[in-house]
Student: 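Sending over a structure as structure tokens; questions will come in a sec.
This chain uses plain numbering: 1 for the first residue, then up along the sequence. Just follow the structure's listing: the first ligand is 1, and inside any ligand the first atom is 1. Basis for what follows: all heavy atoms, side chains included, without hydrogens, waters or symmetry-related copies.
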Amino acid sequence: MRKLLLVIILFSFQQLFGQLKPADSIRLENLMKQMTLEEKIGQMNMYTGNIFGDDPVFTADFKYEDLKNGRVGAVLNVNGIKNTKYLQELALQSRLKIPLLFGNDVLHGLHLLFPIPLAEAASWDIGLMEKTARIAAIESSARGNNWFFQPMVDITHDPRWGRVMEGAGEDPYLGSLIAAARVRGYQGNGIGDTTSVMATAKHFAAYGAAIGGRDYNTVDMSNQELWNVYLPPFKAAAEAGASSFMNSFNTLNGVPTTASSYLQRDILKGEWGFRGFVVSDWGSVGDMIAHGYVKDAEGAALAAVTAGCDMDMEDQIYKKYLPKLVAEGKVSMDIIDDAVRRILTKKFELGLFDDPFKFISQERWEKAINNPGHIETARQMGRESIVLLKNEIPEGKTQPVLPLSKNIKTIALIGPHIMSVRENLGFWSPWWPDDSTRIITQYQGIKSKVSANTRLLYAKGCEVSDTSTAGFAEAVRIAKQADVVIMSMGEQFDMSGESRSRSDITFPGVQEALIKAIYATGTPIVMLVNAGRPLVFNWAADHVPAILYTWWLGTTAGGAIADVLFGDYNPSGKLPITFPRSVGQVPIFYNHLSTGKPPKNDSIAYYRTGYIDLMQNPKFAFGHGLSYTTFEYGDFRMSDSTMKTDGSIRVSLSVTNTGKVAGEETVQLYLRDKVGSIARPVKELKDFKKVILKPGEKKRVEFVITPDKLTFYNEQGKQVLEPGEFDVMIGSASDDIRLKGSFLLNDEL
Ligand code: GLC
């Protein structure tokens, strides 16, 4: 009996304080009782370190004073073991010795850089994305970073928006799987483990829907759009156990998300039962004055803390105004205590009260950054992130251009990114000098592949974005001498990323002119496109016979690209976002509504739902990605043509490799709810299976359609399941549907 009683007490504590062990729950409460109001508010205050270097660690003396007096709960942008140790020691000089959290933007690796998140999403390899997240956590935790401001899970339909590179593209289903995988990767066996870090789902919410793709801009949308498109990845991250959420710079329907009680309290902490804490984005509390939502900083503090924003990043507004607001009774101690309890709970979970220095280990750091398995994983992710957009047989030839032979006589390497080093890492890679010696350039990758008899000629041809064509002549000259040209074109590494929205998403500078000049030589071209977003490059897409989208692939970029170019890896990537024909087509995405006049074709007026000067479909569709082999889909079977609301239907098909090399195909399942209480998309990705096949090999692929794949959210944000007819579409891309079926959801049958 006594044992049962103890279990009940333990369980209730567990529920009350979430994830804490009973002893820690008691320690937490004892600590709360000792804390002054100033010390409590201190936990809600976060400062940045010196983001432009490490010396001094803080660029303002008051931060040191606040640290020593318990007025800081967390810091970000503090790098390196020495600095982390130093600041933790200062924090432990405070009266109650509450240890600091150390946050950082480790978007795609810290020392070892992986492909940018949008590139990783193109792999559709959920397990591998979890693995790269795990490696990033292993590296960073050894350096004292125990809190990532990742995963960024913002859905977007707008490639003008620079931060598209940080996310997983346009699809809620794929984005949700990736969000959960990255949370699992970062948090590993739980955040008490020394190789784990706290994950943060950001930017909550709908930041990717900024008007015009202009960063930080206004967001206006219906609740059903919010619930059906933008919230699912956040819900998935919360369900995967994300330790924190970060709100966003935008207003949502007129309310800055930092002050949105609907998002932070009703949905996140209420409906989803989230027990972590919410941190503001950089200065987003104070930004509310400029938003015109509050009159002054005091008003901002009141609005944010009341709405459930638990921690204030860098703008000191909580520190300065919460004491007064509490004294005046405008902010209750319940609100303060809830925020502080959430933050301290995570510090106890991390084990920082037992050992504030547990996340700092030179030995673990050395081991982590010199792990050959990590580097191989980065290269594998690079290979799988590459998307083969096109691979045709050039005029007068008998074979597609790719894969290239390693014994090819002469290759001309042309373009601004053949020799690039830093570029390959993309945005959010501030620690790149640490690892610069290991970066494999595209030139190095190619050189390491070809035979000793292969002659490599090189000419840059042009810069990324200046207007000089002076380099064209040399580029044309070497192209004429070559059997094939590899052109590496695209953006500058920092042309996509935060505050990097572009109104024109074509190749910058004179790159297209260079491509045309090289094309005129008649030598077949393989084009590599390096970018953090979908670009528009119609002329090249229509004329160049072989195109690989190589995004920014990180430290091992050149190796991964060469593996694909020369056939050591058969490309398997699929686009996680739609590529428009022009920026004028934006927003364009695959899971759109039908409209009352669905396009019959491009010429019949009144049935275009598009433009008179442009074809209606995108340049490259969501889910598009070719292979060096071909796959045939057949023998489609459905276990039933009706389904009850508590039932399921099995759908299966055979996939055959009908080409000459082994390859991996991502078989995609799309569903369409034909009639709903709100108009429903023409198709929605609801499952996918990756299947590896040898030449001639056939495998069966099966999907199980369950009710959760048929639900949607109505205007009230309620998940509903409505009887009716559903189309089933199986394809190699959203615009390459190979097999179709349908079924009736109905309990009466
Ligand atoms: C930035 C970004 C956010 C980042 C934070 C800390 O402005 O919006 O994604 O995590 O500030 O660097």
Student: List for me each residue that meets side-chain hydrogen bond (donor to acceptor under 3.5 Å, both in side chains) alongside N247, sequence neighbours excluded, and say none if there are none.
Tutor: T258, Q264, S284
Student: Holding to side-chain contact (heavy atoms from CB on, under 4.5 Å), I want the full list of residues that pass it with D193, two or more places apart in sequence or in another chain.
Tutor: N189, T195, S196
Student: Which protein residues have a heavy atom under 4.0 Å from ligand 1?
Tutor: L76, D105, F149, R163, K202, H203, M246, F249, D281, W282, M313, E498
Student: The criterion is side-chain hydrogen bond (donor to acceptor under 3.5 Å, both in side chains); which residues satisfy it with T257, sequence neighbours excluded?
Tutor: S248
Student: Under a 4.0 Å N-O cut-off, is there an ion pair linking K235 with E239?
Tutor: yes
Student: Checking side-chain hydrogen bond (donor to acceptor under 3.5 Å, both in side chains) against N77, which of D54, N83, T48 comes through?
Tutor: T48
Student: For S385 and W551, which I'm curious about, is there any donor-acceptor pair between the side chains at under 3.5 Å?
Tutor: no
